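To start, the structure under review is shown below, and the notes come after it.
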Amino acid sequence: DPKLLTVLKNTMVFLVFSGIIGQQCLGFLLASLMRGKNRLVRKFVGFTVVAGWITPEVIAAFMFSSFFADAGSLNKITGIFGISPVSWLFTFPMACVVIANIWKGSAYSMMMFQASLDNISDDIVEAAKIDGANGFQILLRITLPMIKSTMATTFVIVTLSTLGAFGLVFAMTGGGPAIMTTTLSIFMYQKAFIAYQIGYGMAIALFILAIGILLSLVYIRLIRANDGN
């Protein structure tokens, strides 16, 4: 099927930018910014971010479809600066669903990283500062190595959940325009439940499972290699 390579590319783009990079980086950034803040700030930010996570996918899809619509909020904002309206969901559909999925799923990464960062003793960080380490060196040499196990767990879970993401993308674009946002999970649905090609749909499902297992094994091997095992 000539469509399969395009669908696979869409899946990898969606997985890398919305899951592996987007949710992980934003979650870690939010967790880092909240470290050391007072309880009120932590509760407010935590509630705000988690609200996105618990929002049903259909509602989140409706919100972002409205935001990126031709007469939506984004074009209203850009119009203030004299920028002509853009049909975001037709011109940049993959970017739209990536942004929506980052907003929807970053809360889990944030909570995981926040729990790990809270377990890092301030004495260790202060000792590193006294020894002359800057912020980047502390992040690279102290923070990341100490939360390595949490990073591995989070990467695996976020990767698997993003790889199987369906409702948000399907409700926003239906996999279109054409097949520009058709991922493997949507392609499986189309083949199995619309075209009634059950065998083909099952083959795609097993392909998704194989990719998930492969990526999980890669993460585990990388963590073990860094631990020296």
Side-chain angles (χ1 to χ4, degrees), residues 11-61 63-64 67-68 94-122 124-125 135-169 171-172 181 183 185 211-212 215-224 226-227:
T11 303
M12 291 298 104
V13 170
F14 181 70
L15 174 63
V16 170
F17 288 98
S18 75
I20 297 175
I21 295 178
Q23 293 183 27
Q24 299 293 315
C25 290
L26 181 58
F28 181 77
L29 177 62
L30 291 170
S32 299
L33 292 175
M34 284 202 294
R35 189 182 182 198
K37 299 296 187 295
N38 63 58
R39 183 176 298 180
L40 182 61
V41 172
R42 288 165 64 95
K43 283 186 176 182
F44 175 77
V45 175
F47 174 79
T48 303
V49 177
V50 172
W53 188 36
I54 63 177
T55 300
E57 287 186 333
V58 174
I59 296 177
M63 289 167 52
F64 278 94
F67 180 75
F68 289 119
M94 182 58 73
C96 293
V97 296
V98 164
I99 292 171
N101 195 56
I102 291 173
W103 177 87
K104 182 78 172 65
S106 294
Y108 174 78
S109 298
M110 182 200 73
M111 290 187 295
M112 292 289 288
F113 286 130
Q114 185 178 349
S116 281
L117 291 174
D118 288 343
N119 289 329
I120 299 177
S121 174
D122 292 334
I124 299 176
V125 178
F136 180 74
Q137 291 172 327
I138 292 174
L139 173 67
L140 197 62
R141 302 288 182 85
I142 297 176
T143 304
L144 294 182
M146 294 187 71
I147 65 171
K148 217 169 8 180
S149 59
T150 299
M151 289 176 61
T153 303
T154 307
F155 267 84
V156 170
I157 294 175
V158 170
T159 295
L160 295 178
S161 63
T162 304
L163 188 62
F166 174 82
L168 183 66
V169 180
M172 285 185 66
T181 58
T183 59
S185 57
I211 294 175
L215 291 175
S216 299
L217 291 175
V218 169
Y219 288 149
I220 293 172
R221 289 294 297 271
L222 288 175
I223 294 300
R224 288 181 177 178
N226 290 331
D227 287 337

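Everything numeric in this text was worked out from a predicted model, so none of it was measured.
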Partner residues of Leu29 under the side chain to side chain contact (heavy atoms under 4.5 Å, CB included) criterion, sequence neighbours left out: Leu33
Test side chain to side chain contact (heavy atoms under 4.5 Å, CB included) applied to Leu139 - qualifying residues, sequence neighbours left out: Phe28, Thr143, Leu144
Side chain to side chain contact (heavy atoms under 4.5 Å, CB included) against Val45, all qualifying residues, sequence neighbours excluded: Met34, Val41, Val49
Qualifying salt bridge (charged side-chain N to carboxylate O under 4.0 Å, His left out) pairs, either residue in residues 20-36, two or more places apart: Arg35-Asp122
Which residues share a ring pair (Phe, Tyr, Trp, His ring centres under 6.0 Å) with Phe14, sequence neighbours left out: none
Separation between CG of Leu26 and OG of Ser18, rounded to the nearest 0.5 Å: 12.0 Å
side-chain hydrogen bond (donor to acceptor under 3.5 Å, both in side chains) partners of Ser106, counting only residues at least two apart: none
Residues forming a ring pair (Phe, Tyr, Trp, His ring centres under 6.0 Å) with Phe44, sequence neighbours excluded: none
Ring pair (Phe, Tyr, Trp, His ring centres under 6.0 Å) partners of Phe64, counting only residues at least two apart: Trp103
Student check: side-chain heavy atoms of Ile124 and Met146 closer than 4.5 Å: yes
Distance-only donor-acceptor pairs under 3.5 Å for side chains of residues 154-162, two or more places apart:
from   : atom 1 : to     : atom 2 : distance (Å)
Thr154 : OG1    : Thr150 : O      : 2.7
Thr159 : OG1    : Phe155 : O      : 2.6
Thr159 : OG1    : Tyr219 : OH     : 3.0
Ser161 : OG     : Ile157 : O      : 3.2
Ser161 : OG     : Val158 : O      : 3.0
Thr162 : OG1    : Val158 : O      : 2.8

Main-chain N/O of Asn101 paired to Gln23 side chain as donor or acceptor, under 3.5 Å: yes
Qualifying side chain to side chain donor-acceptor pair (under 3.5 Å) pairs, either residue in residues 46-55, two or more places apart: none
Side chain to side chain contact (heavy atoms under 4.5 Å, CB included) partners of Phe47, counting only residues at least two apart: none
With Arg141 via salt bridge (Lys or Arg N to Asp or Glu O under 4.0 Å) - residues at least two apart: none
